[in-house]
J.: 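First the structure, which I've put down as C-alpha cells, then a few questions once you've had a look.
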Amino acid sequence: MKKGKIRRRDFLKITGFGAASLGTGLTASRLLGLTDRGEMIESPNEYGPFVVEKINGKSLPYRYDTQTLQRMSEKNNVFSRNLWEPVRIEAMDQTEDITWKNLIEGKGENPDQTRLDYAFMAASWHMYDVHSYSSYDWNTHRGMVREMGLDTLEPWNPADINMTWLDASRAVKHAARFYGASLAGIAKLNPLWLYSDHHSPIQTQRDRALPVHYGGERFERTKDSWYIPASMNRVIALAFEEDFYAIANSPGRLASAATGNGYSRMAFTAATLAEFIRGLGYRALPAGNGVGLSIPMAIDAGLGQLGRMGLLITPKYGPRVRLAKVITDMPLMPDKPIDFGVTEFCKSCMLCAKDCPSGSISEGPQTWKGRSISNNPGTLKWYVLPETCYDYNGFSCSNCKRVCPFTKPNNSWLHRLLRKIIQGRITPANKLMVTLDQAGGYGRHVPDRDFWKRTGDKTITGRESM
Ligand code: SF4
Ligand code: SF4
C-alpha cells in the first residue's frame, strides 16, 4: 500500500482517531489520507462527527446499469398517480382524513391531537401551498433583479473581481445557505435524473404528460413540451433540515409540520437562489420535487448516500431533510460524491423496515428491479413501495426517519462515538451500539404534549446547540 493510502477496512481505526480530534473542539476540514477512490476527510462543520470518503473521478457511491436505466416519467410517481389513476384515486378516498373531522370527532391514527397541532401543521405548509407554483418559475418576471435589468447584462465573470470559478462556486453555495438551505452541493447534471415528461397537477390536464426535451439550445415551456438546453448542465442540490422533535412525533401531525416547513423553505430558497443566478446573467430553473429526481442529484452533489428507506441520508442530519434543486448553465465547479458507510450499515440495520407500519421498506437485499411502476429500475438499491407508504397516513408518517440511527442530533459524546463506529463496515459491535441506543429510548414516539413543553431553543434555527 502506498504511503498515505487508506483502505476501506482501515475506516474503523481512522474513526477512532477522529473521535479523539473532535473532543478537542476541532472544526476545520482535515485530510486524513488517500483511498483507492479518493480521499478521507474529517470536517465537523460539513459532516458532523463522521469521517467521509470523497470520491474522485467517475466513481460513484452507487451503481446503475446504463442498459436498463431510463429517465422516469413524472406521471408514474405516486403523487401524480394519486391524481390520474383510478385505483389510486379510490385508494386516496380510503386514506386517513387529515381535516377537521379527525379533530372534531377525535378519530384517526392520533386521536389525541388538538387544534394547536392542526393549526401548527397547516401553517407550516402555507408558503408551499400558496407560492410554490410561482416560486418554481423558469424566468424572472418581476422584482428587483428584473427592475435593475441585472438579468439582461452579460454573464458575470468571476475573474473581473479576481475570483476563480471555484471561489464563485463557493459563493453560490454560501448564497444558498444564506437564503435558508441547511446543505448545498453542486453536481454535473446527469440527464438520466430528469423526468422524461411533466405531469400537470391542474385538474383539466391530468390525463396529459408533456415531454421534457433535454439538449439543443431551447429553454422554454410551451403548452405541448418542455425544453431544457444542453448548456444547463449543472445542478445545485439543496437540503433543508427537518426539526428533530417534530419528526419524533411521527406519525402525528407535528411530523407533517416538519415536512411542510421543509417544503415551504424549499420554495423560498430555490426561488431566491435562482433569482440570484439570473441576476448574474445565467439561466436558472428552480424545482422542488418536479423536473427531476432530487435524491440522485443530491448524491452526485456530495450531500449524502441512499438509505434502505429510499431516502437521502446526510452525515449531519441523517434522513431528516427535504430536497430541492436549481438547474443552471452557470459553469460551477462540481463537488465530489461521498461515502460514509451508509450502504454497508443499512445491510444490517433494518430498523426502518421493521418499524414501517405499512411494510413498504424491503427487508431483503438490494435489487436492480423495482416493485412498482413508481420505482425506476436500473439502479442497485432497496426499492420502496410508495403506494403503501402513501396509503398509510402518507401525509404525516415519518416513522422511518424517526427510528433511523442517522437521524439523531449530535447531543452526546455517546452518540458521536456511535456515529464514528457505525460507518464503513458492520461489526457485531455496531449492532450492539444500535441496540443500546434504542434501549436508551432513542427512536420512540414523542407525544404532542411533550413537544409543546419545549421552548424551541433546539429547533432547526438553534441546531448548533444540539
Ligand atoms: S413514511 Fe411511514 S409508511 Fe412510509 S416508508 Fe416510512 S415508515 Fe413506512
Ligand atoms: S433505519 Fe437503519 S436500515 Fe433504515 S435507512 Fe436508517 S440506517 Fe439504514
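Atoms within a ligand are numbered from 1 in the order they appear, just like the ligands themselves.
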J.: Check each atom of ligand 2 against the heavy atoms of F406 and keep those under 4.0 Å away; list them by number with element.
T.: 7 (S)
J.: What protein N, O or S atoms come within a distance below 2.8 Å of atom 6 (Fe) of ligand 1, ordered by chain and number?
T.: C400 SG
J.: Do F451 and F120 have ring centroids that are under 6.0 Å from one another?
T.: yes
J.: Salt bridge check: are D335 and K173 linked by an N-O gap of less than 4.0 Å?
T.: yes
J.: Checking S372 now: which residues fulfil side chain to side chain donor-acceptor pair (under 3.5 Å) with it, not counting sequence neighbours?
T.: E387
J.: Give the atoms of ligand 2, by number and element, whose distance to some non-hydrogen atom of I313 is under 4.0 Å.
T.: 5 (S)
J.: Output yes when R320 and E241 qualify as a salt bridge under the 4.0 Å nitrogen-oxygen rule, no when they do not.
T.: yes
J.: Which ligand 1 atoms does P357 reach within 4.0 Å, using its non-hydrogen atoms?
T.: 7 (S)
J.: I need the Y47 OH to I338 CD1 distance, nearest 0.5 Å.
T.: 5.0 Å
J.: Keeping the roles fixed (side chain from Y62, backbone from K381), state whether a donor-acceptor pair exists under 3.5 Å.
T.: no
J.: Could you tell me whether F50 and F340 have their ring centroids closer than 6.0 angstrom?
T.: yes
J.: Quick test: of every protein heavy atom, which one is nearest to atom 3 (S) of ligand 2, and how far off is it to 0.1 Å?
T.: M350 N, 3.3 Å
J.: Taking the six-membered ring for Trp and the single ring otherwise, decide whether the centroids of F244 and Y317 are under 6.0 Å apart.
T.: no
J.: Nearest 0.5 Å, what's the SG-CD1 distance between C404 and I313?
T.: 4.0 Å
J.: Within the structure, is a non-hydrogen atom of T407 found at a distance of less than 4.0 Å from ligand 2?
T.: no
J.: What atoms of ligand 2 come closer than 4.0 angstrom to any heavy atom of F345?
T.: 7 (S)
J.: For ligand 2, which atoms, with element, lie under 4.0 Å from some heavy atom of R308?
T.: 3 (S), 5 (S)
J.: Dump the intermediate steps for side-chain contact (heavy atoms from CB on, under 4.5 Å) on K325 and I236, then the final yes or no.
T.: CA-CA 5 Å; K325 63 264 187 184; I236 305 153; over 6 Å; no
J.: Which option wins on minimum heavy-atom distance to atom 6 (Fe) of ligand 2: C404, C346, C349?
T.: C404
